[in-house]
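A note on names: the letters A, B, ... follow the listed sequences, proteins ahead of strands, and every chain is numbered from 1. Only heavy atoms go into these numbers, but all of them, side chains included; no hydrogens, no water, no symmetry mates.
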2 protein chains.
Amino acid sequence: MHDERTMPEDDGGGEPQADRTAVEDSLASHLERQLEHLVLSGELAPGERLNEIHLAARFGTSRGPLREALRMLHAKGFVTTVRNRGMYVRAIGREEALEIYDVRAAIFGLAGRILTDKVTDDLLEHLYLALGEMDTLAAARDFDAYYRANLGFHEFLLTSTGNSSLVAQYHSLVDKLHLCRARSLVQAGGLSVSNREHREMVESLASGDKFRAQEAFFRHVERAKMRFGSTAG
Amino acid sequence: MHDERTMPEDDGGGEPQADRTAVEDSLASHLERQLEHLVLSGELAPGERLNEIHLAARFGTSRGPLREALRMLHAKGFVTTVRNRGMYVRAIGREEALEIYDVRAAIFGLAGRILTDKVTDDLLEHLYLALGEMDTLAAARDFDAYYRANLGFHEFLLTSTGNSSLVAQYHSLVDKLHLCRARSLVQAGGLSVSNREHREMVESLASGDKFRAQEAFFRHVERAKMRFGSTAG
DNA sequence: CCGTATTTGTCCGTATGTATG
DNA sequence: ACATACATACGGACAAATACG
């Protein structure tokens, strides 16, 4: 609430929470990341109204850059716009979420297909190592650590393809799934189950059969879709 | 109807080409589509600098909505931004274009996979009909008509999946490929070649084998990638 | 090092549209 | 149905930072 904007000199203790230390990108881009984080973390819930003035005050900026940030989120599909009504956090329904899972599966399948032509001993060693770690974490029921390891495992596979467009598209789809109200964070259900799938993926890579790899990667996501569909249905 | 925006008074001869008749969406969204069209048509070439003031004057608007439009294009990946330098039409290099082709192939492959579970007699009849038309157009060397028929053929396949996310992602990727300076518009080379691939796609759908269909669709895009890679390489 | 041009961000005024009492 | 309050949409002007010659 009190403003204390960019007045010629003042400053010294204002800016409610605009701690943009290393200013390197535009304010609008900065706000976009902030907002995207709030949306993805659920602090701004799907369907929630986004009031320009309130948000601008919250970030200690004017409405100009904030509107630009919201437009970017709109273009990325995180926000819906109603003319003369305002912007709302996008709410994704069950059907659309299932559709997105399919696209994500196809892209992840492509990752498997590409990787079969890029497998090296180092890569396989790294993957088997990660598999072992996840097995022990699963056995220890350390859900949090398993979750992080699982994330790193997938990230490593994606980036190893060397296809940055693939990685970007995949992340974009994963993010969009966070906009589903009834999203099931159940990585609890599948755990050793999930890791069996991981092992099949790695072994398919080791076999050098690109069709098998593509299908193994594809089905891994499809099974996540199944788990989502059964819980959120 | 005609615009005559909120001008207090002045004005009298502006609005070079701001014919936005049925105003239903925001001015920013309108400008975004205009700019996107200019970019995709090549009138704004990849790498070209985008001057806010000039563009605002060109469209007869103020900087606010124009900047919002540019931010949307930035979020969509059609424009790059350099802080305090300005925005430029994104220029996609050969390597990135090849990457995008792969992602596009995967998504199109998914379309084939999905369609095998949705084939009806009507659908197959429609496809075989389109195949015949394209054959005659190819025999007549009517490139332009073939191009349009080809577009409609692919569009029909995509939308028939019923997966709107898939359609949107596919279109987004196709659009991005237009940002490649050395893009080869050679649909001239493959024509009856291309239609042989189309026939294989339809027949794979008719066979009901989803793996075969997925692969046929996938390879159709991959061959387009090859043709692109050999001409632009 | 200086002058200019451009971007960036802010602020204000007004019109328009929506919601509410 | 009318009046009021509020929010968005757009335009214009200004100040500051930076890039470039």
Side-chain angles (χ1 to χ4, degrees), chain A residues 2-11 14-16 18-35 48-74 79-89, chain B residues 1-16 18-20 22-35 48-74 79-89:
Chain A
H2 74 288
D3 215 343
E4 210 91 342
R5 234 185 293 298
T6 152
M7 294 311 178
E9 29 214 277
D10 99 273
D11 185 61
E15 280 92 318
D19 44 294
R20 183 170 52 134
T21 47
V23 183
E24 192 47 57
D25 56 356
S26 72
L27 180 53
S29 298
H30 179 73
L31 291 175
E32 187 217 344
R33 274 197 301 278
Q34 298 272 318
L35 286 169
E48 186 169 339
R49 169 83 170 284
L50 297 171
N51 184 307
E52 291 183 4
I53 301 179
H54 293 166
L55 286 176
R58 172 172 180 173
F59 291 110
T61 69
S62 66
R63 285 172 44 206
L66 185 96
R67 280 178 61 88
E68 292 179 12
L70 289 176
R71 292 292 190 192
M72 286 194 269
L73 290 176
H74 172 71
V79 154
T80 61
T81 308
V82 183
R83 157 118 181 162
N84 292 323
R85 281 286 306 270
M87 320 255 283
Y88 302 81
V89 179
Chain B
M1 338 265 152
H2 74 283
D3 211 343
E4 211 83 343
R5 233 183 300 297
T6 151
M7 296 305 178
E9 27 213 285
D10 105 278
D11 186 55
E15 279 92 320
D19 44 297
R20 182 171 53 132
V23 181
E24 193 46 57
D25 57 354
S26 71
L27 179 53
S29 297
H30 178 73
L31 291 175
E32 187 217 346
R33 274 197 301 276
Q34 297 273 320
L35 287 168
E48 187 170 339
R49 170 84 169 284
L50 298 171
N51 185 309
E52 293 183 3
I53 301 179
H54 293 167
L55 286 176
R58 173 172 182 174
F59 290 110
T61 70
S62 66
R63 282 175 40 222
L66 184 97
R67 281 180 60 87
E68 292 179 14
L70 289 176
R71 290 294 189 190
M72 286 194 269
L73 290 176
H74 172 72
V79 154
T80 61
T81 309
V82 182
R83 156 115 182 163
N84 291 324
R85 283 285 307 267
M87 321 253 284
Y88 302 80
V89 179

A.B. asks: Starting from P on D:dT8, measure out to NE2 on A:His74 and report it in whole angstrom.
C.D. replies: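 Between P of D:dT8 and NE2 of A:His74: 15 Å.
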
A.B. asks: Looking across every strand, which nucleic acid part, if any, lies under 4.0 Å from B:Glu52 by heavy atom: base, sugar-phosphate, or nothing?
C.D. replies: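 Touches a base.
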
A.B. asks: Can you pull out the residues from residues 63-70 of chain A that lie within a 4.0 Å heavy-atom distance of DNA chain D?
C.D. replies: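 Only A:Arg63, A:Arg67 qualify.
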
A.B. asks: Report yes if the side chains of A:Arg71 and B:Ser26 come closer than 4.5 Å at any heavy-atom pair, otherwise no.
C.D. replies: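 A side-chain contact under 4.5 Å exists here.
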
A.B. asks: Under 4.0 Å between a side-chain N or O of A:Arg85 and OP1 or OP2 of C:dA19?
C.D. replies: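 Checking C:dA19 against A:Arg85, a side-chain N or O does come within under 4.0 Å of OP1 or OP2.
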
A.B. asks: Could you tell me how far apart A:Leu31 (CG) and C:dT8 (C1') are, to the nearest whole angstrom?
C.D. replies: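 So the CG-C1' distance, A:Leu31 to C:dT8, works out to 13 Å.
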
A.B. asks: Take atom CE of B:Met72 and atom C1' of D:dA9, then tell me their distance rounded to the nearest Å.
C.D. replies: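 My rounded result for the distance is 13 Å.
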
A.B. asks: I want to verify a distance call: between D:dC10, D:dA19, C:dG17, whose nearest atom is closest to the B:Ser62 side chain?
C.D. replies: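 Nearest to the side chain of B:Ser62 among the choices is D:dC10.
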
A.B. asks: For the pair made of CE in A:Met87 and P in D:dA9, what is the distance, rounded to whole Å?
C.D. replies: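 Interatomic distance, CE of A:Met87 to P of D:dA9: 8 Å.
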
A.B. asks: What pair of heavy atoms forms the shortest contact from A:Arg83 to B:Asp25, and how long is it?
C.D. replies: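 Distance-wise, the nearest heavy atoms are NH1-O, 3.3 Å.
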
A.B. asks: Please name the nucleotide paired to C:dC1 by Watson-Crick or G-U wobble geometry with both distances under 3.5 Å, or report none.
C.D. replies: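 When the pairing criteria are applied, nothing turns out to pair with C:dC1, so the answer is none.
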
A.B. asks: Would you mind pulling out the nucleotide paired to C:dG9, Watson-Crick or G-U wobble, both distances under 3.5 Å?
C.D. replies: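 Its partner is D:dC14 (Watson-Crick or G-U wobble, both distances under 3.5 Å).
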
A.B. asks: Below 4.5 Å, heavy atoms only, C-beta onward: do B:Glu68 and B:Ser29 meet side chain to side chain?
C.D. replies: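 Answer no - side chains too far apart.
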
A.B. asks: Between A:Leu50 (CG) and D:dC6 (P), how many Å, whole number?
C.D. replies: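 From A:Leu50 CG to D:dC6 P: 20 Å.
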
A.B. asks: What is the separation between atom CG on A:Leu55 and atom C1' on D:dA7, rounded to the nearest whole Å?
C.D. replies: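 So the two atoms are 13 Å apart, to the nearest Å.
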
A.B. asks: In this structure, how many angstroms lie between the P atom of D:dC14 and the CD1 atom of B:Ile53, rounded?
C.D. replies: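 After rounding, the reported distance stands at 14 Å.
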
A.B. asks: Quick check: do A:Leu27 and A:Leu31 have side-chain heavy atoms less than 4.5 Å from each other?
C.D. replies: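 Touching, per the 4.5 Å side-chain cut-off.
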
A.B. asks: Is there a side-chain contact between A:Asn51 and the phosphate of D:dA7, meaning an N or O under 4.0 Å from OP1 or OP2?
C.D. replies: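 Yes, because at least one side-chain N or O of A:Asn51 sits under 4.0 Å from OP1 or OP2 of D:dA7.
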
A.B. asks: Is there side-chain contact between A:Met72 and A:Val79, with heavy atoms separated by less than 4.5 Å?
C.D. replies: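 A:Met72 vs A:Val79: side chains apart.
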
A.B. asks: Are side-chain heavy atoms of A:Met87 and A:Leu73 found at a separation under 4.5 Å?
C.D. replies: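 They are not in contact (no side-chain heavy atoms under 4.5 Å apart), so the answer is no.
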
A.B. asks: About how many Å separate CG of A:Leu35 and CZ of A:Arg58, when rounded to the nearest 0.5 Å?
C.D. replies: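 These two atoms lie 8.5 Å from each other.
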
A.B. asks: What is the distance from CG of A:Leu27 to P of D:dA17, rounded to the nearest Å?
C.D. replies: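 It works out to 15 Å between those atoms.
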
A.B. asks: On DNA chain C, compare the nucleotides closest to B:Arg49 and B:Arg71; which residue's is nearer the 5' end?
C.D. replies: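 Looking at DNA chain C, the more 5' nearest nucleotide goes with B:Arg49.
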
